[in-house]
Amino acid sequence: MSNSQIAAALTELADLLELLGENAFRVRAYRNAARTIESLPDEVTLLLDQSPHALLELEGIGKDLAQKISSLATTGQLDQLDEVRSQVPPGVVQMLKIPGLGPKKVATLWKELQVNTLDDLQAAATAGRVAELKGFGKKTEQSILEGISLAAEAGRRVLISIAREAAEQIAQSLRKVAGVERVEIAGSARRWKETCGDLDLLAIAADSTTAMDELSQHPLVSQVVARGETKQHVRLKSGIDLDLRVVPPESFGAAWQYFTGSKEHNVVMRRLAQEKGLKLNEYGLFRGEEMVAGTDEESIYKTLELPWIPPELRENRGEFHLQAPIDLIQPGDLQGDLHMHTTATDGAGSIEEMIEGARAAGLKYIAITDHSKRVAMANGLDSVRLREHWRKIDSIRQKTRGIEVLCGIECDILEDATLDLPDDVLAEADWVIAVLHYGLRQPAEMIEKRLLAAIQNPHVDCIGHPSGRLIGSRAPAEINYHTFLKAAQDYGVMLEINANPARLDLNDIQSARAKELRIPIVINSDSHHIHGFQVLEYGVHQARRAGLTKADVANTLDFASFRNLIRRNR
DNA sequence: GCCGTTTTCGGCCCGACTGTTTTCAGTCG
């Protein structure tokens with residue numbers, strides 16, 4: 001198992017144990033271990049190869065967890081996990097996804113009302129039985145009803161990061177099979193959609209049997225749902241479904257185009273073909289019986305008199321108006337990263353470590369932006385500690401070569417629309433990102449007031465993760481994007497695409513609107529550890545889904561130009 | 001479950017908020 005899969009298993013175990021009323025500190029130990037494993041630079045299997053005791057060196061991992069992690073890493077199995085899974089109905093675990101419900105409340109619902117599924121819960125809440133429970137009331141009952149759809153949704157789709165990783169891993173092992181010529185990811189994962197409902201792989205193979213056998217036995221696969229000559233449908237242990245299709249080489253482009261979608265994009269494609277007296281399907285583009293294109297995607301688009309359209313744009317959201325090939329931003333275009341944390345607040349890396357991590361990720365400049373004091377749980381900084389932190393950053397950057405470092409702050413926009421730090425402190429910052437963390441459920445007028453107040457503050461350079469959403473688990477704040485974007489444009493405030501795959505906020509649609517208004521976008525990692533910069537890729541693909549080019553993204557500028565942009569906007 | 005001892009147990013990050021209570025448990029980040 002990969003590190004993030006091990007981390008997911010440990011997190012699931014923690015959830016289950018918590019529901020079973022296990023000691024909270026024991027549960028925390030599992031969660032801490034999950035985080036530790038997730039942020040390791042090397043795969044656990046590699047560490048174990050180097051030394052069988054390597055895991056014991058890690059903070060927060062003792063004999064017991066080391067043994068469990070090593071079992072997960074080498075066999076993908078953990079008896080304890082299977083055991084507790086059998087004790088808790090899956091529907092009960094899903095209830096944890098309902099905002100406002102934690103393990104205690106869910107356990108009460110499960111035990112007292114015998115609700116085992118989200119449907120059970122909905123029925124109980126509708127009947128008013130939830131409000132009668134001790135510790136529950138009318139408001140809780142109402143918020144449960146509102147949150148159920150969110151939880152149900154979360155169960156059906158997975159984050160793009162989870163989807164891409166599983167798909168790439170399986171594609172890699174299929175590529176090693178004798179006779180397999182080519183394997184590619186298709187579907188929403190190829191379009192880098194925020195979430196994926198299932199995975200699609202496409203292969204060229206002399207003999208489909210060997211490829212399908214390999215897939216059946218893959219450690220990530222739990223069961224084969226269906227298997228035919230050219231198509232195999234499996235379910236992964238993580239609950240995601242995956243389709244593998246084996247196609248002949250001459251049809252590969254057509255199949256790739258077809259199975260990449262989206263459905264809406266393909267409807268238009270087939271209509272355009274029809275208008276030219278052609279027929280498009282997964283086998284090729286045909287005039288009568290004769291195949292006129294289909295070995296590669298480019299030939300299909302070209303025959304339809306279209307430039308090749310990057311997968312991220314294939315949503316029928318205006319991509320057919322493209323006259324010429326569009327040169328979307330690439331991951332390598334980013335030179336800076338303007339949002340990250342250190343051990344001063346809730347990060348895992350020191351200032352020096354984050355600088356080195358950024359350098360290793362190929363970045364030329366960064367801003368260190370720890371939390372302001374309102375985020376007490378993260379040990380947020382007040383004016384005194386922040387100034388001290390900046391002094392420390394300043395002395396370190398004096399000695400640092402090859403990468404520029406800005407003294408920044410991620411400053412909370414408080415519930416009353418004031419900022420968490422006084423103006424005279426913000427004025428000393430090189431870079432200020434203002435964000436909403438609390439009070440996301442306030443009425444739209446209040447959210448608007450808060451965002452506009454932040455934008456109008458002369459020291460604020462950027463609004464970070466504007467909606468505060470966590471995909472699948474926390475709904476976005478209700479934002480009037482029209483006034484919000486207009487204000488950002490008027491006051492020269494940049495907007496962030498937060499690259500954390502659970503955020504991707506601004507979303508693709510609002511990012512496209514920001515581009516139209518020529519509001520500079522910055523794509524930031526929001527790193528909390530030295531390997532956190534890898535997520536920038538997800539932010540870049542989100543930007544690509546919005547049609548952004550290098551010129552639309554401010555942190556593709558060199559440092560001097562970026563610095564000038566900040567100065568000009570202030 | 002981990003860790004570090006005043007070394008085999010006792011503590012483990014915490015402040016604010018919400019909705020429930022009538023002094024606080026649970027949730028959030």
Side-chain angles (χ1 to χ4, degrees), chain A residues 9-11 13-37 55-71 78 80-81 84 95-110 112 125 130-147 150-151 341 343-348 370-382 385 410-416 420 435-442 464-465 468-470 473-475 477 498 500 502-503 505 526 528:
Chain A
L10 292 172
T11 303
L13 192 50
D15 284 344
L16 292 165
L17 291 172
E18 209 162 20
L19 285 168
L20 291 168
E22 183 58 79
N23 178 299
F25 293 109
R26 186 177 173 212
V27 171
R28 189 188 294 174
Y30 281 89
R31 292 199 196 285
N32 287 340
R35 224 166 302 136
T36 303
I37 296 300
L55 292 172
L56 290 170
E57 307 290 328
L58 299 171
E59 182 75 26
I61 292 176
K63 227 175 135 189
D64 185 82
L65 274 167
Q67 193 266 320
K68 284 168 178 156
I69 291 163
S70 128
S71 166
L78 184 59
Q80 185 197 7
L81 181 57
V84 291
M95 290 176 205
L96 291 172
K97 294 276 184 190
I98 298 174
L101 289 191
K104 294 278 163 52
K105 281 206 156 74
V106 170
T108 305
L109 291 165
W110 176 32
E112 302 282 338
V130 170
E132 288 164 17
L133 289 172
K134 186 160 177 255
F136 291 68
K138 273 283 152 207
K139 285 199 172 170
T140 309
E141 191 172 69
Q142 194 51 41
S143 87
I144 286 173
L145 283 170
E146 284 162 8
L150 209 61
H341 299 268
T343 47
T345 61
D346 61 349
D370 275 297
H371 286 288
S372 60
K373 63 179 191 295
R374 177 65 171 82
V375 190
M377 158 265 181
N379 196 18
L381 303 168
D382 60 18
R385 285 181 59 218
E410 178 180 13
C411 181
D412 260 62
I413 307 168
L414 302 178
E415 287 91 324
D416 63 359
D420 198 17
V435 298
L436 304 172
H437 279 128
Y438 297 92
L440 293 173
R441 299 272 68 78
Q442 286 181 338
H465 50 67
R469 73 169 176 175
L470 289 177
S473 58
R474 192 205 294 144
N498 189 293
N500 178 333
R503 289 192 182 272
D505 181 13
D526 203 350
H528 282 71

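Source: prediction; values computed, not measured. Below, chain A is the first sequence line, B the second, and so on; all start at residue 1.
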Original post:
Looking for any heavy atom pair under 4.0 Å, which part of the strands does A/Phe136 touch: base, sugar-phosphate only, or nothing?
Top reply: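 The residue A/Phe136 makes sugar-phosphate contact but no base contact.
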Subject >> A/Asp64: salt bridge (Lys or Arg N to Asp or Glu O under 4.0 Å) partners, not counting sequence neighbours >> reply: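 So A/Asp64 forms a salt bridge (Lys or Arg N to Asp or Glu O under 4.0 Å) with A/Lys68.
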With a 4.0 Å cutoff (strictly under), does any side-chain N or O of [X] reach OP1 or OP2 of [N]?
{"X": "A/Lys68", "N": "B/dG1", "value": "yes"}
{"X": "A/Arg26", "N": "B/dC12", "value": "no"}
{"X": "A/Thr140", "N": "B/dT20", "value": "yes"}

Rounded to the Å, how far apart are [X] [atom1] and [N] [atom2]?
{"X": "A/Leu20", "N": "B/dG1", "atom1": "CG", "atom2": "P", "result": "13 Å"}
{"X": "A/Lys104", "N": "B/dC24", "atom1": "NZ", "atom2": "C1'", "result": "13 Å"}
{"X": "A/Leu65", "N": "B/dC3", "atom1": "CG", "atom2": "P", "result": "9 Å"}
{"X": "A/Asp370", "N": "B/dG29", "atom1": "CG", "atom2": "C1'", "result": "15 Å"}
{"X": "A/His437", "N": "B/dG15", "atom1": "NE2", "atom2": "P", "result": "18 Å"}
{"X": "A/Ile37", "N": "B/dC2", "atom1": "CD1", "atom2": "P", "result": "12 Å"}
{"X": "A/Ile61", "N": "B/dG1", "atom1": "CD1", "atom2": "P", "result": "14 Å"}
{"X": "A/Met377", "N": "B/dT27", "atom1": "CE", "atom2": "P", "result": "16 Å"}

Mind checking the [atom1] distance from [N] to [M]? Whole angstroms is fine.
{"N": "B/dT7", "M": "B/dC13", "atom1": "C1'", "value": "25 Å"}
{"N": "B/dT6", "M": "B/dG11", "atom1": "P", "value": "15 Å"}
{"N": "B/dG15", "M": "B/dG10", "atom1": "C1'", "value": "24 Å"}
{"N": "B/dG4", "M": "B/dT8", "atom1": "C1'", "value": "11 Å"}
{"N": "B/dT20", "M": "B/dC28", "atom1": "P", "value": "15 Å"}
{"N": "B/dC12", "M": "B/dT18", "atom1": "C1'", "value": "26 Å"}
{"N": "B/dT27", "M": "B/dT21", "atom1": "P", "value": "15 Å"}

**OP:** Select from A/Arg374 and A/Lys134 the residue whose nearest nucleotide in DNA chain B is closer to the 5' end of that strand.
**Re:**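 The residue mapped nearer the 5' terminus is A/Arg374.
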Original post:
How do A/His371 and A/Leu58 order along DNA chain B: which one's closest nucleotide is nearer the 5' end?
Top reply: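 Taking each residue's closest nucleotide, the earlier one in sequence belongs to A/Leu58.
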Original post:
Would A/Glu146 and A/Arg441 pass as an ion pair if we require N to O under 4.0 Å?
Top reply: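 No, this pair does not count.
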Taking only the side-chain heavy atoms of [X] (C-beta and beyond), determine which of [options] contains the nearest atom.
{"X": "A/Lys139", "options": "B/dT27, B/dG29, B/dG19", "value": "B/dG19"}
{"X": "A/Ala376", "options": "B/dG29, B/dG15, B/dC13", "value": "B/dG15"}
{"X": "A/Lys105", "options": "B/dG26, B/dT20, B/dG1", "value": "B/dG26"}
{"X": "A/Asp64", "options": "B/dC2, B/dG26, B/dG15", "value": "B/dC2"}

Original post:
Is the A/His528 ring parallel, tilted or perpendicular to the A/His371 ring (thresholds 30°, 60°)?
Top reply: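 Tilted: the ring planes of A/His528 and A/His371 meet at 30° to 60°.
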Original post:
Are A/Leu101 and A/Leu109 close enough that some pair of their side-chain heavy atoms sits under 4.5 Å apart?
Top reply: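 Touching, per the 4.5 Å side-chain cut-off.
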Original post:
What is the base-pairing partner of B/dC3, counting Watson-Crick and G-U wobble geometry with both distances under 3.5 Å?
Top reply: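 For B/dC3, the partner nucleotide comes out as B/dG10, under the 3.5 Å rule.
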Original post:
What is the minimum heavy-atom distance between A/Leu381 and A/Ala344, and which atoms define it?
Top reply: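 Here A/Leu381 and A/Ala344 meet closest at CD2-O, 4.1 Å.
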Original post:
Which atom names give the shortest non-hydrogen contact between A/Ile144 and A/Val130, and what distance separates them?
Top reply: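 Shortest heavy-atom separation between A/Ile144 and A/Val130 comes out as CD1-CG1, 3.9 Å.
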